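Please read all numbers here as calculations on a predicted model, not as lab measurements.
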Amino acid sequence: KRASDALHVVIEDNGEGFDPASVTIRKGSDRGLGLLSMKERATLTGGIYVMSSMPGAGTRIHVSWKYESVTGELLN
């Protein structure tokens, strides 16, 4: 979605959710590419990544980029 001078991408579910503070980063071959990879990719492309989750309330990921960082210019 475009709002003002930014591009917003929101991914959310109504699943079980989890406590983000209790998540540990796995190492080795069983390490997934999920949340950490999304955060790294968003940050590397100039985006702002916000993830929220709560047990019993699902998970929401919101990434936004200013148009300048996406296109090099503002779109009209």
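Legend: residues meeting side chain to side chain contact (heavy atoms under 4.5 Å, CB included) with S64, ordered by chain and number and at least two apart, are H8, I48, H62. Residues passing the side chain to side chain contact (heavy atoms under 4.5 Å, CB included) test with D19, sequence neighbours excluded: A21, S22, P55.
To the nearest 0.5 angstrom, R60 atom CZ is 14.0 Å from N14 atom CG. Here E12 contributes atom CD and S53 contributes atom OG; the two are 11.5 Å apart, rounded to the nearest 0.5 Å.
Residues L35 and Y49 approach most closely at O-OH, 3.6 Å, considering heavy atoms. The minimum heavy-atom distance between F18 and T59, with the atom names listed, is CE2-OG1, 3.5 Å. Here the closest heavy-atom approach between residue V63 and residue A42 is recorded as CG1-CB, 3.6 Å.
Two different hydrophobic clusters hold M51 and V10 under the rule that ILVMFWY side chains link at heavy-atom gaps under 4.5 Å.
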